[in-house]
Student: 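Supplied in structure tokens, the structure appears directly below.
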Amino acid sequence: QVQLVESGGGLVQAEGSLTLSCTASGRIFTSYTMGWFRQTPGKERDIVACINWSGTFYDGSVKGRFTISRDYSKNTVYLQMDGLKPEDTAVYYCAAAEGQMGTTRSRYNTWGQGTQVTVSS
């Protein structure tokens with residue numbers, strides 16, 4: 001049974017930076033797609049970025065500001081967030097999906113517990 005644990009959230013001022021980490025216990029195969037989603041109260045959980053062997057995907061709202069990366073040796077995926085804006089405030093979730101890249105929540109079957117990111121103006 002794979003479990004995902006996120007860390008690195010917190011409070012930061014606008015234009016600041018944070019790095020989120022997601023470490024998997026249990027084996028995450030290199031063929032898995034790893035994704036970061038975010039959710040605010042009353043709204044859907046939306047894709048932020050994802051990564052697999054074929055490349056990366058970024059939502060348009062974070063492209064150029066966020067960077068997703070993966071360390072296979074540590075079973076860890078990272079989300080480097082620069083130029084943060086108040087609208088980036090959300091709970092951020094790490095997720096894993098078998099196989100090809102996916103941007104919808106239903107594509108992912110393993111989720112972390114979430115980490116809060118708050119950006120003050």
Side-chain angles (χ1 to χ4, degrees):
Q1 180 74 18
V2 174
Q3 291 186 324
L4 303 176
V5 178
E6 302 101 334
S7 61
L11 173 64
V12 64
Q13 289 187 333
E15 295 306 316
S17 298
L18 279 176
T19 301
L20 305 183
S21 300
C22 170
T23 300
S25 63
R27 190 174 177 185
I28 292 283
F29 294 96
T30 55
S31 60
Y32 276 47
T33 293
M34 301 298 295
W36 285 99
F37 286 73
R38 64 187 179 187
Q39 187 172 24
T40 55
K43 294 194 175 181
E44 296 291 321
R45 189 174 298 185
D46 294 325
I47 187 77
V48 175
C50 53
I51 185 170
N52 70 5
W53 75 93
S54 68
T56 57
F57 167 87
Y58 295 93
D59 181 73
S61 65
V62 306
K63 203 167 187 178
R65 300 188 297 123
F66 291 11
T67 303
I68 189 170
S69 61
R70 186 171 181 174
D71 186 333
Y72 289 97
S73 68
K74 295 182 179 179
N75 252 4
T76 299
V77 62
Y78 303 96
L79 185 68
Q80 173 68 40
M81 304 185 293
D82 299 316
L84 282 160
K85 304 175 181 180
E87 51 263 45
D88 295 318
T89 296
V91 177
Y92 283 71
Y93 295 89
C94 176
E98 296 181 40
Q100 295 182 349
M101 194 82 72
T103 60
T104 59
R105 180 177 179 174
S106 61
R107 181 73 179 80
Y108 294 77
N109 53 16
T110 302
W111 292 85
Q113 81 287 353
T115 186
Q116 177 70 45
V117 171
T118 303
V119 184
S120 63
S121 56

Student: For residues 38-89, which residue pairs pass the ring pair (Phe, Tyr, Trp, His ring centres under 6.0 Å) check, not counting sequence neighbours?
Tutor: none
Student: CH2 of W36 to SG of C50: how many Å apart, nearest 0.5 Å?
Tutor: 13.0 Å
Student: Can you tell me how far apart OG1 (T30) and CG (N52) are? Round to the nearest 0.5 Å.
Tutor: 10.0 Å
Student: Are V91 and V12 linked, directly or through intermediate hydrophobic residues, by side-chain heavy-atom contacts shorter than 4.5 Å (ILVMFWY only)?
Tutor: no
Student: Hey, what do you get for CG (L11) to CD (Q116), rounding to the nearest 0.5 Å?
Tutor: 9.5 Å
Student: What I'd like to find out is whether the side chain of I68 reaches to under 4.5 Å of the side chain of V77, using heavy atoms alone.
Tutor: yes
Student: State, to 0.1 Å, how close K43 and Q39 come at their nearest heavy-atom pair, and which atoms those are.
Tutor: O-NE2, 3.1 Å
Student: Any sub-3.5 Å donor-acceptor pair from T40's side-chain atoms to A90's backbone N or O?
Tutor: no
Student: Just wondering, do Q80 and L20 contact through their side chains at under 4.5 Å, heavy atoms?
Tutor: no
Student: Check whether any side-chain heavy atom of R70 lies under 4.5 Å from a side-chain heavy atom of M34, and answer yes or no.
Tutor: yes
Student: Just checking Q3: does its CD atom have more than 12 heavy atoms from other residues, nucleotides or ligands closer to it than 6.0 angstrom?
Tutor: no
Student: Please assess T23 against T76 for the test side-chain hydrogen bond (donor to acceptor under 3.5 Å, both in side chains), listing each intermediate value before the final yes or no.
Tutor: CA-CA 4 Å; T23 300; T76 299; 3.1 Å; yes
Student: Could you report the tightest heavy-atom contact between P86 and A14, atom names first, then the distance?
Tutor: CD-CB, 4.2 Å
Student: Hey, is the main chain of S120 close enough, under 3.5 Å, to the side chain of Q13 for a donor-acceptor pair?
Tutor: no
Student: Not counting sequence neighbours, list each pair that qualifies as a ring pair (Phe, Tyr, Trp, His ring centres under 6.0 Å) and has a residue in residues 91-121.
Tutor: F37-Y108, F37-W111
Student: Do V119 and K85 have side-chain heavy atoms sitting under 4.5 Å apart?
Tutor: no
Student: Check whether any side-chain heavy atom of R65 lies under 4.5 Å from a side-chain heavy atom of M81, and answer yes or no.
Tutor: no
Student: So do L18 and L84 actually touch side chain to side chain, heavy atoms under 4.5 Å?
Tutor: yes
Student: Can you tell if the side chain of L79 reaches within under 4.5 Å of the side chain of V48, non-hydrogen atoms only?
Tutor: yes
Student: Just how far is it from atom CG of L4 to atom OG of S21, taken to the nearest 0.5 Å?
Tutor: 12.5 Å
Student: Any side-chain to backbone donor/acceptor pair from N75 onto G26? Under 3.5 Å, distance only.
Tutor: yes
Student: Do any side-chain atoms of residues 95-107 form donor-acceptor pairs under 3.5 angstrom with protein atoms, and if so which ones, sequence neighbours left out?
Tutor:
| residue | atom | partner | partner atom | Å |
| --- | --- | --- | --- | --- |
| R107 | NH1 | E98 | O | 3.1 |
| R107 | NH2 | E98 | O | 2.8 |
| R107 | NH2 | Q100 | O | 2.8 |

Student: To the closest 0.5 Å, what do you measure between CG (D59) and CZ (R38)?
Tutor: 6.5 Å
Student: Which pair of non-hydrogen atoms, one from I47 and one from A49, has the smallest distance, and what is that distance?
Tutor: CD1-O, 3.7 Å
